[in-house]
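In each ligand, atom 1 is the first atom listed, and ligand 1 is the first ligand listed. Keep in mind that the numbers below use all heavy atoms, side chains included, and drop hydrogens, waters and symmetry copies.
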Amino acid sequence: MNVLQVSAEIFPLLKTGGLADIAGALPGALNAVGCDVRVLLPGFASILADLEAASVLAEVTAPWGERVRVCQGRLSTLGINAYVIDSPHLYHRPGTPYEDERRQPHADNHRRFALLGWVGAQLALGLDAHWQPQVVHSHDWHAGLTSAYMAFLPHRSQRVASVFTVHNLAYQGLFAPSYFYDLGLPHEAFAVNGLEFHGLVSFMKAGLFYADHITTVSPTYAQEIQAPEQGCGLDGLLRTRRTELSGILNAVDEAIWNPAIDRQIGFNYAARNPAGKARCKAAVQQELGLQVQAEAPLFGVVSRLTEQKGLHLLLGTLQAILGRGGQLVVLGTGESALETAFMAQAALHPGVVSVRIGYDETFAHKIFSATDVTLVPSRFEPCGLTQMYGLKYGSLPLVHRVGGLADTVVDCSLEELAEERANGFVFNHFTTQALERAIGRAFALYARKSEWNLVRARGMGQALGWEVAATQYAALYQHLCA
Ligand code: ADP
């Protein structure tokens, strides 16, 4: 089964969030279950630099008339075959892949990412005479136009199936209607039954409307987005497509997120030999200027600092942690109001709260290794990876019961403890009171060392690798191609 994966990011070459982790792990996992996966990526500098044995596959003309080169080769870091769109003037810019240094979206984002979909569709049409995809699997709004272009391709004898995965419905890729004329799609596409969304062009809706099948990154999120509260205005469309919509839970790349072999943490450890974890904790407490206290429960946050992540609730419940002798470490970047608020807490509580604003992959690993609890109080969460990293590293996740958090964390209630299912702490209502009570439960369990250790060992031993998800994706591809 030949599968072309289309995404804007890929770990470790370019990452702004969980999308990159998944785009980086899925090809290898799918290859392991018998697929032949190639990836298509925009030519951001770090991606082009990693492409070895590169050659020009073709020059294509973008719908707005610009000529661009499509290169092919092998991503040396990942060992996977790749097509990369080589257009420095579109992709070599300061800032993030989506925003400039002032955090404003690039003015030509519609072209930068339409091109990704356009080239994806050209590959479906046979741009590479030596490799023909049977399935084109695109991810999030950046790649959403792929399915639309494929839907309007000239008729082909061999049908190529399209799959679109929603990693976060809240980011939709909306553009002014005038930009539609750049996209080279027929007029009929700019309609309610198409990619039009309240008068705007929606790349997300293009993926949702035109793909043969839609997946999201957890079964619960697949249900939640069919209702108005989390449907972001697209729940009606998602309800009409519910028979072609499914949730496949994300997983953990255990070659990268495994405390037994992780070279980014101070000391290695495992479920059966957890001694190194205490040493990681002491080292990080020391490094951050926190009081080096083995018995103080250390809570951690590794997150984008956005409203979605529910961290304003945490700011309102900080005393529930500090008042009981706990400590907090935060690593994140995002909205300046949240950055400022967390920095202010660190200044107010030296020795017990440490906040680092920024993006730091190694420090993220260290935090999971050092902390006792990983906080993920998200208002909504399509899947969430950090709670799973917390499980792997023996940092019990404390989460809001929503999306993929609900699918991966089982609360330490008496019943769940008795049935040996508990692996963390879950609160149901998105309120500071509910979060406070969950924090209280974490302290209560922490005081019962042997039970804490049992729950921690259970979480660390959970099978969270990509095999299950890869098998489910492969079965879906087979079904679509049958
Ligand atoms: P989202 O994709 O919504 O940001 P996920 O939990 O799915 O949330 O994935 C977040 C990923 O980004 C994880 O790999 C997490 O470790 C990483 N991450 C988030 N913020 C930072 C940061 N400031 N520094 C390093 N890694 C981060």
Side-chain angles (χ1 to χ4, degrees), residues 7-26 96-99 139-142 165-172 216-218 220-221 225 230 232 247-259 262 264-265 284 300-311 329-336 338-339 342-343 354-371 374-393 395 397-400 402-409 424 464 466 469:
S7 68
E9 305 180 22
I10 194 160
F11 180 84
L13 304 176
L14 186 72
K15 168 170 168 176
T16 69
L19 166 67
D21 286 350
I22 294 146
L26 195 53
T96 76
Y98 318 112
E99 295 175 344
H139 295 264
D140 261 354
W141 74 260
H142 329 109
T165 295
V166 181
H167 294 261
N168 194 334
L169 195 63
Y171 297 93
Q172 301 191 349
T216 67
V217 286
S218 71
T220 295
Y221 192 59
I225 57 177
Q230 295 215 33
C232 301
I248 296 181
L249 192 66
N250 278 339
V252 172
D253 189 337
E254 291 174 328
I256 293 164
W257 296 98
N258 178 354
D262 190 338
Q264 305 192 66
I265 62 179
V284 166
V301 172
V302 177
S303 182
R304 289 184 294 117
L305 300 182
T306 62
E307 190 271 340
Q308 172 198 341
K309 299 294 180 179
L311 296 166
V329 50
V330 176
L331 168 65
T333 175
E335 291 164 13
S336 39
L338 278 169
E339 291 183 353
F342 275 109
M343 291 300 286
S354 167
V355 174
R356 188 178 293 179
I357 301 301
Y359 192 93
D360 184 338
E361 196 71 28
T362 298
F363 189 46
H365 283 246
K366 282 189 180 179
I367 289 181
F368 293 115
S369 74
T371 48
T374 295
L375 291 161
V376 197
S378 306
R379 185 169 64 78
F380 70 93
E381 193 58 79
C383 178
L385 293 172
T386 53
Q387 82 280 11
M388 291 197 264
Y389 298 157
L391 285 171
K392 280 272 131 199
Y393 283 72
S395 177
L398 190 160
V399 307
H400 178 210
V402 74
L405 302 173
D407 291 339
T408 49
V409 185
L464 296 172
W466 272 100

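Looking at Glu381, its side chain never comes within 3.5 Å of a backbone N or O of Pro377 through a donor-acceptor pair. Although no hydrogens or angles enter the test, the distance criterion places no donor-acceptor pair under 3.5 Å between the side chain of Asp140 and the main chain of His142. With Ser218 contributing its side chain and Tyr221 its backbone, the two residues share a donor-acceptor pair below 3.5 Å. Under the 3.5 Å distance criterion, the side-chain polar atoms of His400 are matched with a main-chain donor or acceptor of Ser378. For Gln264 (side chain) and Phe363 (main-chain N/O), no donor-acceptor pair under 3.5 Å exists by modelled atom type.
Closest to atom 12 (O) of ligand 1 among all protein heavy atoms lies Lys15 CE, 3.5 Å. Scanning the protein for heavy atoms near atom 23 (N) of ligand 1, the closest one is Gly358 O, 2.8 Å. Thr386 CG2, 3.7 Å is the protein heavy atom nearest to atom 15 (C) of ligand 1. Atom 7 (O) of ligand 1 has Leu385 N, 3.5 Å as its closest protein atom, hydrogens excluded (heavy atom only). Looking only at heavy atoms of the protein, atom 21 (C) of ligand 1 is closest to Tyr359 CE1, 3.5 Å.
Between Glu361 and ligand 1, no N or O atom pair is found at a separation short of 3.5 Å. Ligand 1 has an N or O atom lying under 3.5 Å from an N or O atom of Asp21, backbone or side chain. Taking only nitrogen or oxygen atoms, main chain and side chain alike, Val302 does not reach within less than 3.5 Å of ligand 1. Checked against a 3.5 angstrom limit, the closest N/O atoms of Trp257 and ligand 1 fall outside it.
With a heavy-atom cut-off of 4.0 Å, Asp360 touches ligand 1 through its backbone alone. Residue Tyr389 touches ligand 1 through its side chain alone, judged by heavy-atom distances below 4.0 Å. Contacts with ligand 1 closer than 4.0 Å are made by backbone heavy atoms (N, CA, C, O) of Ser303 only, the side chain lying farther away. In His167, neither the side chain nor the backbone holds a heavy atom less than 4.0 Å from any atom of ligand 1.
In terms of the side-chain contact (heavy atoms from CB on, under 4.5 Å) criterion, residue partners of Arg379 (sequence neighbours excluded) are, by chain and number, Glu307, Phe430. For Glu361, the side-chain contact (heavy atoms from CB on, under 4.5 Å) partners are Phe11, Lys15, Trp257, Tyr359, His365, not counting sequence neighbours.
Here the rule is side chain to side chain contact (heavy atoms under 4.5 Å, CB included) with Val302, and of Ile367, Val330, Asp360, Thr374 only Ile367 fits it.
Ligand 1 is approached by Gly332 to a heavy-atom distance shorter than 4.0 Å. Remark: distances from the non-hydrogen atoms of Lys309 to ligand 1 include one below 4.0 Å. Using 4.0 Å as the threshold, Ala20 has no heavy atom nearer than that to any atom of ligand 1. Between Phe11 and ligand 1 there is no heavy-atom distance shorter than 4.0 Å.
Looking at heavy atoms from C-beta onward, Glu335 lies out of side-chain contact with Leu305 at the 4.5 angstrom threshold. Residues Tyr393 and Ile265 are in side-chain contact: their nearest non-hydrogen atoms beyond the backbone lie under 4.5 Å apart.
Below 4.0 Å from some heavy atom of Arg304 lie the following atoms of ligand 1, by number and element: 1 (P), 3 (O), 4 (O), 20 (N). Listed by atom number, the atoms of ligand 1 under 4.0 Å from Gly18 heavy atoms are 1 (P), 2 (O), 7 (O), 9 (O), 10 (C), 11 (C).
Atom CD1 of Ile225 and atom SG of Cys232 lie 8.5 Å apart (nearest 0.5 Å).
The environment of Lys392 atom NZ is dense: over 12 non-hydrogen atoms of other residues, nucleotides or ligands sit within 6.0 angstrom.
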